[in-house]
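Data first, discussion second: the structure below is written as structure tokens.
Just so you know, these numbers come straight off a predicted model, no measurement behind them. A, B, ... follow the sequence lines: proteins, then strands. Residue 1 opens every chain. Only this structure's heavy atoms are used, side chains among them; waters, hydrogens and symmetry mates stay out.
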2 protein chains.
Amino acid sequence: MSVVSEIGEGEWALWRGFLTMHRDLMRELDGRLQRDAGISQADYSVLLSLFDAPERRLRPGALGQALGWEKSRLSHQLSRMAARGLVERAECDTDGRGSWVVLTREGKRTLLHSLRDHAASIRSLFLDALDPEEKQVLARATERVAERLGEAAQRATG
Amino acid sequence: MSVVSEIGEGEWALWRGFLTMHRDLMRELDGRLQRDAGISQADYSVLLSLFDAPERRLRPGALGQALGWEKSRLSHQLSRMAARGLVERAECDTDGRGSWVVLTREGKRTLLHSLRDHAASIRSLFLDALDPEEKQVLARATERVAERLGEAAQRATG
DNA sequence: CATATTTGGTTGACACGTCATCTATTAGGG
DNA sequence: CCCTAATAGATGACGTGTCAACCAAATATG
């Protein structure tokens, strides 16, 4: 792509390929989930986290932590999901400003309906495309990049 | 993450790590671009494509093709960018229903301002985190996944 | 104890992406 | 040539993500 002389042809292709692959993969996964269960990946991950939690409920803070989401994003997401009846907000006895997010019966039903299909999609489109060695390298690579990001964040904050 | 028994612990971690890495990487890149030049990655890629085109102009169709975007997304994006003065729409003489997207002086200025910084970010956060072997494996892995996606799309269409 | 700070969370504005729908033009087939 | 179909693109509605501002309860500090 010509202009960016500091990044070689191969590296540039790698970067473009990485972006494209991720985007297309997410598109496909989102599309399937939407068709099969009428939910997004975001919905799915929230439902799954709640399902795995004791009593099917979590504090927004903990949920955001688990998902790596900003609190504002989570709040919006929960509002939308609550409007669709997938989750409920409940008051928190031990902390007056806090609240609970509770999985509804409908939310549980929806999750269980999509669980196997979604996992199968992840397997067939992503995991099964990689041989064991590639998986290992990829895992290490993602870790390395994550480290870089951590360092960058550190420098920005500290 | 317990429930999904069909996906093993390690594979699940790989998947989660991949998602997290991509998300955090994009967040950081977007944030830097926004701070440095006041544009998003989407803006950036449009500007770059136009800059590399003959006469700094492209038909929306060709641009969408190059970026792998849907026409609707591109149209919205161009409207926003036009409102900010980064691009202009012009009529097309040879095809009455078509149009041109032209890079403005301001758009060019903005792109040039961000070019080196953005490339440097991609290098330091992503490319430099990977050794040559990892790059090679990653390139092949993305290719494989892309193939799967292609096959899936084929089955869906054909 | 009164006040300042931190924490948990929501809200509004705005950028972004997708889908379905729409218009205008061009191309094709009788 | 007329009518139909395909093409180029724009638009509106809606779900999503981020940032900044905000509110209220809780904690810390003088």
Mind calculating the distance between [atom1] ([X]) and [atom2] ([N]) to the nearest angstrom?
X: A/Leu67; N: D/dT16; atom1: CG; atom2: P; answer: 14 Å
X: B/Trp69; N: C/dG17; atom1: CH2; atom2: C1'; answer: 10 Å
X: B/Leu29; N: D/dT18; atom1: CG; atom2: P; answer: 14 Å
X: B/Arg73; N: C/dC16; atom1: CZ; atom2: C1'; answer: 8 Å
X: B/Arg59; N: D/dT7; atom1: CZ; atom2: P; answer: 14 Å
X: B/Leu33; N: C/dC16; atom1: CG; atom2: C1'; answer: 15 Å
X: B/Glu70; N: D/dT11; atom1: CD; atom2: P; answer: 17 Å
X: B/Gln34; N: D/dT18; atom1: CD; atom2: C1'; answer: 10 Å

For nucleotides 12-14 of chain D, tabulate all protein N/O to nucleotide N/O atom pairs closer than 3.5 Å, reporting atom names and distance.
residue: D/dG12; atom: O6; partner: B/His76; partner atom: NE2; Å: 2.6

request  = Would you give the length of the straight line joining atom CG of B/Asp43 to atom CG of B/Leu48, rounded to the nearest 0.5 angstrom?
outcome  =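 Output value for this atom pair is 12.5 Å.
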
key: Interatomic spacing from CG in A/Leu33 to CZ in A/Arg35 - rounded to 0.5 Å   =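 One finds 10.0 Å between CG of A/Leu33 and CZ of A/Arg35.
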
ask   = Are B/Trp69 and B/Trp100 joined in one hydrophobic group, where the rule is that I, L, V, M, F, W and Y side chains link up if heavy atoms are under 4.5 Å apart?
value =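 Each belongs to a different hydrophobic cluster.
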
query = Does A/Val137 share a hydrophobic cluster with B/Phe126, counting links as ILVMFWY side-chain heavy atoms below 4.5 Å and allowing steps through other members?
reply =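 No, it is not one cluster - the side chains of A/Val137 and B/Phe126 are not joined through contacts under 4.5 Å.
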
Out of D/dA8, C/dC16, C/dT10, whichever nucleotide has its closest atom nearest the side chain of A/Ser75 = C/dT10

ask   = Looking at D/dA10, C/dT18, C/dC16, which one has an atom nearest to any side-chain atom of B/Ser40?
value = C/dC16

ask   = Is there a donor and acceptor pair closer than 3.5 Å between the side chain of B/Arg97 and the base of D/dT7?
value =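 Result: at least one qualifying N/O pair found.
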
query = With nearest nucleotides of DNA chain D determined for A/Leu74 and B/Trp100 from heavy-atom distances, which residue corresponds to the more 5′ nucleotide?
reply = B/Trp100

request  = For the residue pair A/His22 and B/Phe18, categorise the inter-ring angle as parallel (less than 30°), tilted (30 to 60°) or perpendicular (more than 60°).
outcome  =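 Rings of A/His22 and B/Phe18: tilted, 30 to 60°.
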
request  = Using atom types as modelled and distance alone, determine if a side-chain donor or acceptor of A/Glu28 lies under 3.5 Å from a backbone N or O of A/Leu25.
outcome  = no

query = Using 4.0 Å as the upper bound for N to carboxylate O, is an ion pair formed by A/Arg84 and A/Glu106?
reply = no

request  = Report the C-alpha distance between A/Leu86 and A/Val46 in whole Å, list the side-chain angles of each, state the deciding distance to 0.1 Å, and finish with yes or no for side-chain contact (heavy atoms from CB on, under 4.5 Å).
outcome  = CA-CA 10 Å; A/Leu86 296 173; A/Val46 168; over 6 Å; no

ask   = For A/Arg27 and A/Ala62, take the nucleotide of DNA chain C holding the closest heavy atom to each; which residue's nucleotide lies nearer the 5' end?
value =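 Residue closer to the 5' terminus by nearest nucleotide: A/Ala62.
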
query = What residues in residues 84-95 of chain B put a non-hydrogen atom under 4.0 Å from any atom of DNA chain D?
reply = B/Arg89

request  = Check whether any side-chain heavy atom of A/Leu127 lies under 4.5 Å from a side-chain heavy atom of B/Leu14, and answer yes or no.
outcome  =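 Contact flag for A/Leu127/B/Leu14 side chains = yes.
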
